[in-house]
Q: 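Structure incoming, see below.
Position 1 is the first residue of the sequence, and the numbers go up from there. Order of appearance sets the numbers: ligands from 1, and atoms from 1 within every ligand. For the numbers below, each heavy atom of this structure counts, side chains included, while hydrogens, waters and symmetry mates do not.
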Amino acid sequence: MKTLESYVLGRWHAPDGQTRTLYDPSTDEAVAECGTGGIDFGAVLDHARNVGGPALRALGFAERGKLLKSLSAAIYEYRDELLDLSVATAGTTRGDAKFDVDGATGTLAAYAHFAKELSEKDFLADGDGVQLGRTARFWGQHIHVPKHGAAVHINAFNFPAWNMAEKMACALLAGMPVIEKPGTPTAMVAWRMAQVIVDSGLLPEGAFQFLCGSSGDLVDRMGPQDVLAFTGSSGTGALLRGNANLVRHNVHVNVEADSLNAAILAPDVETDSETYGLFLANVQLDMTQKTGQKCTAVRRVLVPESLIDDVATDLVAGLARIQVGDPRDSANRMGPLASREALDSVRAGIDALAAEGEVLCGGTDAVHDKGCYVAPTLVRASHADVDTVHALEVFGPVATLIPYSGEADEAVRLANRGGGGLVASVYSNDKRWTETVVLGISPWHGRVWIGSEKVAEQALPPGMVLPASVHGGPGRAGGGQELGGLRGLEPYLQRTAVQGFQGLVAATFGA
Ligand code: NAP
């Protein structure tokens with residue numbers, strides 16, 4: 001069994017004291033242990049602030065962009081090893097592992113590309129200058145400068161590679177040193193990636209630190225120039241947001257939490273159309289990719305009453321073709337959940353959904369003797385306004401069909417009952433219906449994805465988070481926002497209004 005170390009204060013640190021065991025969820029075998037006992041978290045923050053930060057800021061934006069490109073290439077060299085490790089320790093199929101690992105290198109490369117338009121200097125002009133006085137002599141210009149603290153990233157277990165890389169890309173490009181903490185059950189992939197990053201020698205000392213295990217009292221020691229970006233459940237997000245130290249120092253906190261993502265089928269879609277095929281393919285993909293452990297996976301499928309029998313039949317037939325088992329065997333198209341805790345939680349969730357409807361396929365029965373397997377499970381709600389489906393995230397290969405009238409206003413009302421989501425997908429070729437739904441659900445969603453005949457051939461699936469579009473949503477989704485091209489840098493930058501003589505302000509700080 002491997003011992004996973006943390007990388008802090010310029011060296012690898014073995015756990016001192018209590019450790020947590022990581023299990024391969026495909027076989028239940030113990031694969032590693034980790035722990036952060038013995039780490040001085042205050043010193044870790046200081047190392048980032050006092051060593052990593054100045055070194056990164058000295059480089060300027062354009063140079064940091066080039067670093068991201070090299071980092072992406074360095075990790076890509078280990079692609080096969082990382083994919084194998086993910087399959088062997090995290091229960092992912094090879095396709096799922098690619099989604100995570102290629103997502104990581106792709107996002108780093110995308111940010112290197114976005115950085116090409118940035119200056120060599122260490123500030124960014126924000127928009128045009130503006131006349132503030134009686135004449136243009138008194139002038140104002142907004143600028144962005146990197147914060148002088150540490151970016152602490154607490155990540156979820158479901159994307160050990162991508163979650164770390166997408167946060168790092170934005171913080172490092174902005175000029176802030178990072179302290180990365182992966183979700184423990186799948187930390188082995190993140191740990192190996194951390195080794196590759198450290199061994200590459202690309203980042204200045206102090207720019208990258210890695211905690212494998214609990215974050216201890218790190219959050220209680222953060223200060224006003226630090227940033228906390230968290231991805232995980234709503235419960236943990238709320239706990240961190242309410243942390244007294246973070247509140248006292250007004251530390252910027254970005255929360256990416258869970259979401260009851262809806263797919264909405266419009267009544268104009270015919271069952272022999274390309275749009276219908278796209279809808280079926282995406283719902284099935286979302287339910288089974290990464291065993292449904294995607295924050296953007298569809299949980300609620302709103303279907304007009306006139307179409308719900310067809311949809312139920314077609315989805316059940318499609319899901320029956322998904323072979324569930326050890327992902328080391330490529331015939332298996334869906335692996336296990338990531339841990340025993342996840343399995344218990346998903347089974348309890350299926351029971352709760354089943355109490356308000358009918359289980360059409362799957363359920364809570366054991367799929368294999370060993371491992372954390374659950375079958376793809378489709379539930380049909382007894383009516384549109386059952387409560388649990390609009391309130392409970394079952395983080396696994398589980399979705400619920402919800403019958404509705406087909407009216408655009410009804411679709412909006414039901415989609416928004418999720419209380420704030422990361423993404424909603426809308427399938428229609430009716431322009432007016434689509435416009436009503438998109439505008440009605442946009443205040444409650446960070447992203448709205450529209451599937452139609454026009455894009456059926458090339459649309460990337462709604463569950464895929466792209467670096468050029470924002471990720472995050474209001475309400476229960478956490479209220480945060482990440483990515484979205486250069487918008488993703490904003491949490492790590494201070495916007496400052498510089499006011500003074502135009503000859504100085506415009507010439508020195510203007511675009
Ligand atoms: P989680 O239990 O909330 O854990 C998330 C992270 O927080 C882990 O690194 C965990 O560490 C850490 N953590 C837990 N308690 C903490 C505390 N008191 N103080 C500091 N850190 C703490 O969530 P998860 O089970 O890993 O992830 C699944 C959830 O994440 C789902 O609800 C999913 O929807 C959501 N998610 C959201 C997004 C998004 O972008 N919005 C993306 C992926 C997942 P340990 O693992 O060491 O306990």
Q: For residues 31-50, tabulate all N or O donor-acceptor pairs below 3.5 Å that involve a side-chain atom, not counting sequence neighbours.
A:
from, atom 1, to, atom 2, distance (Å)
Glu33, OE1, Thr19, OG1, 3.0
Glu33, OE2, Thr3, OG1, 3.1
Thr36, OG1, Ser214, O, 2.6
Asp40, OD1, Gly42, N, 3.1
Asp40, OD1, Ala43, N, 3.1
Asp46, OD1, Arg49, NH1, 3.0
His47, NE2, Glu205, OE2, 2.6
Arg49, NE, Asp226, OD1, 3.2
Arg49, NE, Asp226, OD2, 3.4
Arg49, NH2, Arg221, O, 3.3
Arg49, NH2, Asp226, OD2, 2.6
Asn50, ND2, Asp46, O, 3.3

Q: So, are Asp24 and Arg328 salt-bridged, with charged N and O less than 4.0 Å apart?
A: yes

Q: Can you list the residues that meet the side-chain hydrogen bond (donor to acceptor under 3.5 Å, both in side chains) rule with Arg64, with sequence neighbours excluded?
A: Asp122

Q: Is Asp385 salt-bridged to Arg417, going by a charged N under 4.0 Å from an acidic O?
A: yes

Q: Can you work out which protein residues put a heavy atom within less than 4.0 Å of ligand 1?
A: Arg20, Ile154, Asn155, Ala156, Phe157, Asn158, Lys181, Pro182, Gly183, Thr184, Pro185, Ser215, Phe230, Thr231, Gly232, Ser233, Thr236, Leu239, Leu240, Glu256, Ala257, Asp258, Cys295, Glu393, Phe395, Leu422, His471

Q: Applying side-chain hydrogen bond (donor to acceptor under 3.5 Å, both in side chains), can you list everything that pairs with Gln195, at least two apart in sequence or on another chain?
A: Arg192

Q: Can you say whether the rings of Trp162 and Phe159 are parallel (under 30°), tilted (30 to 60°) or perpendicular (over 60°)?
A: perpendicular

